[in-house]
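Before any comments, here is the structure.
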There are 2 protein chains.
Amino acid sequence: MTSKPHPLRQLIEQFIKLTDAEWEMFPPHLTEKKIKKNEFMLREGQVGRELGYVIEGEMRHFYTRNGEEKTTYFYFENSLVGPYVSCINGQPSLISFEAVSDTRLLVFPYAALQSLYSQSHSWEKFGRLLAEYIALGLEDRMVGLLTLSPEERYVQLLESNKKKIIERIPQHLIANYLGITPVSLSRIRQRLLKK
Amino acid sequence: MTSKPHPLRQLIEQFIKLTDAEWEMFPPHLTEKKIKKNEFMLREGQVGRELGYVIEGEMRHFYTRNGEEKTTYFYFENSLVGPYVSCINGQPSLISFEAVSDTRLLVFPYAALQSLYSQSHSWEKFGRLLAEYIALGLEDRMVGLLTLSPEERYVQLLESNKKKIIERIPQHLIANYLGITPVSLSRIRQRLLKK
DNA sequence: TTCCATCTTTAACCTAGATTAATTTAGTAT
DNA sequence: ATACTAAATTAATCTAGGTTAAAGATGGAA
């Protein structure tokens with residue numbers, strides 16, 4: 001009777017199968033960390049050194065532009081979160097990572113991941129597939145911004161498999177995510193009700 | 001006296017150094033292909049099988065949304081072009097790839113690249129770095145769409161290192177790229193002149 | 001319960017960009 | 001040159017979303 005695999009391992013194995021030996025390279029680098037509501041994993045301007053796996057909670061990341069926050073992503077349990085871009089390019093992050101509610105993470109240094117990449121072709125392949133996955137997601141998001149009106153983006157969000165966002169994120173942050181103001185989103189909802 | 005390295009090898013080696021043996025795995029898969037102005041490398045709905053390297057010319061890619069084209073990228077000499085997303089996920093491409101003017105390419109099957117990935121850790125690493133590079137570019141573009149007004153996006157384009165787009169791409173396609181109509185771009189230019 | 005802060009809605013007004021259509025300019029082919 | 005097509009500008013009108021401000025709703029904390 002084998003014990004249940006680590007949930008993070010399960011997540012990684014959605015990309016690539018690992019031998020036990022390969023997996024075992026990873027856990028020594030993991031540390032549990034709690035972030036309270038409205039606290040930050042990383043603030044804009046800091047260089048990203050570590051990434052995290054969400055055990056439970058909600059997080060978001062946002063840009064600041066002349067004082068205004070622009071949320072571009074939400075994270076829920078069982079997903080990877082963190083200043084991926086800053087880790088890759090070594091530049092100060094343009095993005096802040098904040099807990100929307102109390103959140104528990106497993107964090108690991110990006111350097112540890114890089115070391116796995118170089119030690120093992122399998123891990124390197126995981127790195128490629130992860131980057132490709134992220135690119136597909138970004139592409140999708142970009143196309144939405146370019147080809148849909150705010151109202152259409154909201155409708156698409158309602159109809160998508162991203163129900164968690166609708167259910168668990170406050171409306172003004174959803175508005176932010178859609179690239180509009182809370183006032184505007186409220187009006188859009190009003191308009192849609194009348195149909 | 002060594003001969004000058006292949007320009008495509010130079011491009012790849014901006015990501016990762018290859019031994020001669022590793023590089024030599026690649027050229028057998030390369031074929032030169034000419035695409036005339038307004039002809040397609042791939043049309044929406046087809047599954048992507050091959051990628052290309054632009055020797056000379058200009059290309060663009062665009063989405064179609066209720067009959068309207070939305071250009072999201074331009075390609076010039078010495079860059080990689082093609083239905084990367086479709087190659088990765090095996091789904092019919094949502095994107096069409098068209099030559100803006102007569103273009104010469106070196107094309108190669110995506111399967112050949114995948115085979116290199118699995119044969120060599122170095123090539124796999126190249127795959128990761130390429131995907132990461134693409135993700136960084138998409139992130140950048142997405143942030144621009146989310147945080148800047150059309151006018152600000154145009155100004156940013158003027159001031160960016162993407163001069164080639166301004167110099168070599170017709171204005172109505174630039175408008176498309178900025179997510180606005182040609183009429184609107186013309187007005188924006190007018191407005192900017194008066195400052 | 002009451003109080004306070006946050007979130008959401010509503011209303012009035014403003015503006016950048018969309019739309020439609022007409023005009024001018026530039027490019028290309030014959 | 002001429003004629004034809006595509007590209008760019010200009011003008012008039014319309015509208016979705018922004019802005020500002022005020023009023024309701026919601027939810028905790030004491």
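What you see is a predicted model, and the numbers here were worked out from it, not measured in a lab. In the text below, chain A, chain B and the rest are named by the order of the sequence lines, each starting its count at 1.
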Would you say that B/Y75 contacts B/L80 through its side chain, given a criterion of any heavy-atom pair below 4.5 Å between the two side chains? no
Taking only N/O atoms, report every protein-nucleotides 4-10 of chain D pair under 3.5 Å with atom names and distance.
unit_1, atom_1, unit_2, atom_2, d
D/dA8, OP1, B/Q171, N, 3.0
D/dA8, OP2, B/Q171, N, 3.4
D/dA8, OP2, B/H172, N, 2.9
D/dA8, OP2, B/H172, ND1, 3.2
D/dT9, OP1, B/R189, NH2, 3.4
D/dT9, OP2, B/Q171, NE2, 2.5
D/dT9, OP2, B/S186, OG, 3.3
D/dT9, O5', B/S186, OG, 3.3
D/dT10, OP2, B/Q190, OE1, 2.7

Rounded to the Å, how far apart are [X] [atom1] and [N] [atom2]?
X: A/L148; N: D/dA16; atom1: CG; atom2: P; result: 16 Å
X: B/Y154; N: C/dG17; atom1: OH; atom2: P; result: 13 Å
X: B/L178; N: C/dA16; atom1: CG; atom2: P; result: 17 Å
X: A/L193; N: C/dT10; atom1: CG; atom2: C1'; result: 14 Å
X: A/E151; N: D/dG18; atom1: CD; atom2: C1'; result: 16 Å
X: A/I188; N: C/dT8; atom1: CD1; atom2: P; result: 14 Å
X: B/K36; N: C/dT28; atom1: NZ; atom2: P; result: 16 Å
X: A/L146; N: C/dA18; atom1: CG; atom2: P; result: 11 Å

From the list A/L116, A/L51, A/T31, side chain to side chain contact (heavy atoms under 4.5 Å, CB included) with A/F108 holds only for A/L51
Taking every heavy atom of A/I180 against every heavy atom of A/P150, the minimum-distance pair comes out as CG2-CB, 3.4 Å
Kindly say if A/T181 contacts the phosphate of D/dG18, meaning a side-chain N or O under 4.0 Å from OP1 or OP2.
-> yes
**Asked** Hey, is the side chain of A/R191 poking within less than 4.0 Å of OP1 or OP2 on D/dA16, counting only N and O atoms?
**Response** no
The residue among B/K37, B/E58, B/E56, B/K36 that forms side-chain hydrogen bond (donor to acceptor under 3.5 Å, both in side chains) with B/S101 is B/E58
>> Do B/I188 and B/V155 land in one hydrophobic cluster if side-chain heavy atoms of ILVMFWY residues count as linked below 4.5 Å?
In response: yes
- Query: What about B/H61 and B/F74, are their ring centers closer than 6.0 Å?
  - Reply: no
